[in-house]
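See structure below.
Naming convention: chains lettered A, B, ... in sequence-line order (proteins, then strands); numbering from 1 in each chain. Here the structure is a predicted model, which is why all the values come from computation and not from measurement. The basis for the numbers below is simple: all heavy atoms, side chains too, and nothing from hydrogens, waters or symmetry mates.
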Amino acid sequence: MEIYQTNQLRIYNSLSKSKEDFTPIVPGKVGMYVCGPTVYSNVHLGNVRTFLSFDLIYRYLKHLGYKVRYVRNITDAGHLENDADEGEDRIAKKARLEEIEPMEVVQRYTVDFHQVLQRMNFLPPSIEPTATGHIVEQVEIVKAIIAKGLAYVVNGSVYFDVIKYNKEEAYGELSGRDIEAAVHQTRSLDGQSEKKNPQDFALWKKADDRHIMRWPSPWSDGFPGWHLECTAMSTKYLGETFDIHGGGMDLKFPHHECEIAQSKAYKGVEPVRYWMHANMLILNGQKMAKSTGNYILPNELFSGENQLLGRGFSPSTVRFFILQAHYRSVLDFTGPGLEASEKGYVKLMEAFSKIDSIASGDKDTLDIKRWKQQCYAAMNDDFNSPVLIAQLFEAVKYINLLLDQQATLTAATLADFTSTLTVFVLDVLGLQDERKDKRSDTLSGVVDILIDLRNEARDNKDWALSDKIRDQLATLGVQLKDGKEGTTFSLQ
RNA sequence: GGCGUCGUGGCCGAGUGGCUAGGCUGGGCUCUGCAAAAGCUCCUACAGCGGUUCGAAUCCGCUCGACGCCUCCA
């Protein structure tokens, strides 16, 4: 019996704009596709927020017992900086600026992306396909769409005929756009365009002479349109209709709208059951974006080498900060907000690390069953991590009461409490106890000696000496805590 | 201009038609040689104006404001 059989997950579907009961196409299995990064520069914190949202979703689906195939692509084929027919692609531009090969750009920033995600304890996806590795599949889709009469060739480039498609299907169903109105509003501003209508988008672009990344096709040596790769890779690995498609809110239009159109033109079926969109991370009141320079890089955040914050914050702290907001809410990134999260996070992990030293009693004075249900209820309600975290702080209160022997749990209940808390802290939220890395046996032994010496001094009422030991250790970041059961310490 | 999201206490951030999320900060108390930690406790908000309702922060309308998309962006 898997957990999902007793937990009805509800997911907000961007397509229906409402929360729906989640039922996978194949019982017990989930196919999930998430639009990955274009690897032309360092991954920034806003990108991380989106991927973290889906890491949480992936983790919880797995915890529920689903067999999940999670596909997250790497966009390593450059796409044009704008929709004009002329233009340089981002990766090629970066290669020219840094005087390296386009594939060196791709490699450099793919490695950066993976390093950042690993530091923040992301689970790797099941498949991480690249756009350039699926050119053949993309060409096949273009052929099929042309054969259906929904795309046309101009000077070696292929464009999707949005107007024609819209006669049978609803272009704009995801983003709530009325394409007919848009067509009438738009005057043809530049007569240079090869496109029949400004709303049409490229499936294949003929490469000009300076375009280095190019592949042969029936129409020209060129490169695929941006939206095509996701259709090719999602269809290949997850089938023509799959369960969940995710990405950032800013990809809703045009990217995801075009994906729907391509898939329907290609296979004739609705490609995705549940569309999920993570909201933006805001910095200085504006969206974080590479193109505007308003962003902060994760590594700068960890090291403290940035202009916004005076010091660094650990990867887990950043992870915790982001998870304290719901994935569909705009999250405001601020220094004070991070500091508040850090304190809360330390408090949570401090309590969590002490759970093993709780002794069981002969009766339950806390309602652990109800607490556990509320943890699940939070996550079942569209992955509400802030509410889950609120429940975890409830658990912190329980732990302290138990340690203080103001509450008791039977051995069986205590075991259930411990395993549930462990699952949610480590497996679902993906938090790590970073303090353990810093605490070595040697350090513990040395501090224990000092605690003994201090206790001797205290017995002799030599407060000057005992306070000196305590204060000097505090200066080094070792905080002594005098409790009923003796003195313990924690690292700051 | 069009489409969409949203305006919650000192700050960050959940949320439901009636039963005070949570974290951080600040005040008080307990414990303690003192402190810290821990526990208890206080500060009870929902942009504004109308409407629906026995009752709305939660539903509807309007106003004001913020943000996102409409050209590449997670």
Side-chain angles (χ1 to χ4, degrees), chain A residues 14 17 34-38 40-41 43-54 75 78-84 87 89-90 172 174-178 181-182 185-186 198-199 226 246-255 257 277-282 285-292 295 320-321 324-326 328-334 336-345 347-348 350-351 354 374 378 381 384-394 396-397 399-401 403-404 406-407 458 461-463 466-467 470-471 474 479-484 487-490:
Chain A
S14 301
K17 298 181 177 54
V34 173
C35 294
T38 303
Y40 70 97
S41 70
V43 60
H44 71 253
L45 203 63
N47 299 306
V48 167
R49 210 276 253 228
T50 294
F51 300 129
L52 179 54
S53 301
F54 290 100
T75 297
H79 296 294
L80 299 182
E81 287 187 300
N82 57 55
D83 203 32
D89 86 58
R90 294 186 167 284
L174 179 65
S175 56
R177 266 156 230 266
D178 182 351
Q185 273 173 5
T186 315
Q199 286 72 28
W226 173 40
M249 201 80 100
D250 50 353
L251 295 184
K252 239 186 196 180
F253 187 91
H255 185 56
E257 203 70 74
H277 290 96
N279 217 138
M280 298 292 102
L281 189 63
I282 296 294
Q286 303 288 134
K287 173 183 155 178
M288 258 190 217
K290 292 170 193 167
S291 52
T292 58
Y295 65 92
F320 186 72
F321 169 77
Q324 270 188 304
H326 186 79
R328 282 193 290 116
S329 298
V330 172
L331 174 60
D332 203 358
F333 184 85
T334 61
L338 250 188
E339 285 182 25
S341 286
E342 184 178 55
K343 284 181 184 169
Y345 173 65
K347 182 176 160 184
L348 173 65
E350 191 74 37
K354 286 189 279 198
Q374 289 179 333
D381 183 17
N384 198 325
S385 56
V387 171
L388 172 63
I389 288 171
Q391 288 304 319
L392 298 185
F393 279 109
E394 196 63 24
V396 169
K397 194 179 282 187
I399 291 169
N400 287 321
L401 285 171
L403 287 168
D404 219 22
Q406 292 181 43
R458 293 172 73 199
K461 299 202 187 300
D462 186 351
W463 309 127
S466 70
D467 287 355
R470 182 180 69 198
D471 296 343
Q479 187 182 60
L480 299 188
K481 300 172 184 177
D482 297 327
K484 280 178 184 160
T487 303
T488 57
F489 74 96
S490 66

Checklist entry - In terms of the angle between their ring planes, are A:F333 and A:F321 parallel, tilted or perpendicular, with boundaries placed at 30° and 60°? => result perpendicular
Checklist outcome for this item: Checking N1-N3 plus N6-O4 or O6-N4 for Watson-Crick, or N1-O2 and O6-N3 for wobble, each under 3.5 Å, the partner of B:G18 is B:C54
Next on the checklist: Just the rounded figure in Å: distance from P of B:C70 to CE of A:M249.
Outcome noted: 13 Å
Next on the checklist: Please tell me if A:S329 has a side-chain N or O lying less than 4.0 Å from either OP1 or OP2 of B:A14.
Outcome noted: yes
Checklist entry - Is a side-chain donor or acceptor of A:N384 paired with a backbone partner of A:V387 at a separation under 3.5 angstrom? => result yes
Checklist entry - Using purine N1 to pyrimidine N3 plus N6-O4 or O6-N4 for Watson-Crick, or N1-O2 and O6-N3 for G-U wobble, each under 3.5 Å, what pairs with B:G39? => result B:C29
Checklist entry - Side-chain donor or acceptor of A:D482 under 3.5 Å from a matching atom on the base of B:G33? => result no
Checklist entry - Relative to the 5' end of RNA chain B, which residue comes earlier, A:D250 or A:P336, by the nucleotide with the nearest heavy atom? => result A:P336
Next on the checklist: What is the separation between atom CD on A:E342 and atom C1' on B:C12, rounded to the nearest whole Å?
Outcome noted: 15 Å
Checklist entry - Which part of the nucleic acid does A:Q286 contact within heavy-atom distance under 4.0 Å: base, sugar-phosphate only, or nothing? => result sugar-phosphate
Next on the checklist: Partner lookup for B:A47, please. Criteria are Watson-Crick or G-U wobble with both distances under 3.5 angstrom; report none if nothing qualifies.
Outcome noted: B:U63
Next on the checklist: Looking at A:N384, I'd like to know whether one of its side-chain N or O atoms comes within less than 4.0 Å of OP1 or OP2 on B:G15.
Outcome noted: yes
Next on the checklist: Does A:G172 reach a base, just sugar-phosphate, or nothing at all? Heavy atoms under 4.0 Å.
Outcome noted: nothing
Item to check | OP1 or OP2 of B:C24 under 4.0 Å from side-chain N/O of A:K347 | outcome: yes
Checklist entry - For the residue pair A:F320 and A:F393, does the interplanar ring angle fall in the parallel (under 30°), tilted (30 to 60°) or perpendicular (over 60°) class? => result perpendicular
Checklist entry - Which whole number of Å gives the distance between the P atom of B:G68 and that of B:G48? => result 24 Å
Next on the checklist: I'd like to know if A:R470 reaches the base of B:C34 with its side chain, counting only an N/O donor and acceptor under 3.5 Å.
Outcome noted: yes
Item to check | Check: A:R177 side chain, B:C3 base, donor-acceptor under 3.5 Å | outcome: no
Checklist entry - Could you give the distance from CZ (A:R90) to OG1 (A:T38), rounded to the nearest 0.5 Å? => result 8.0 Å
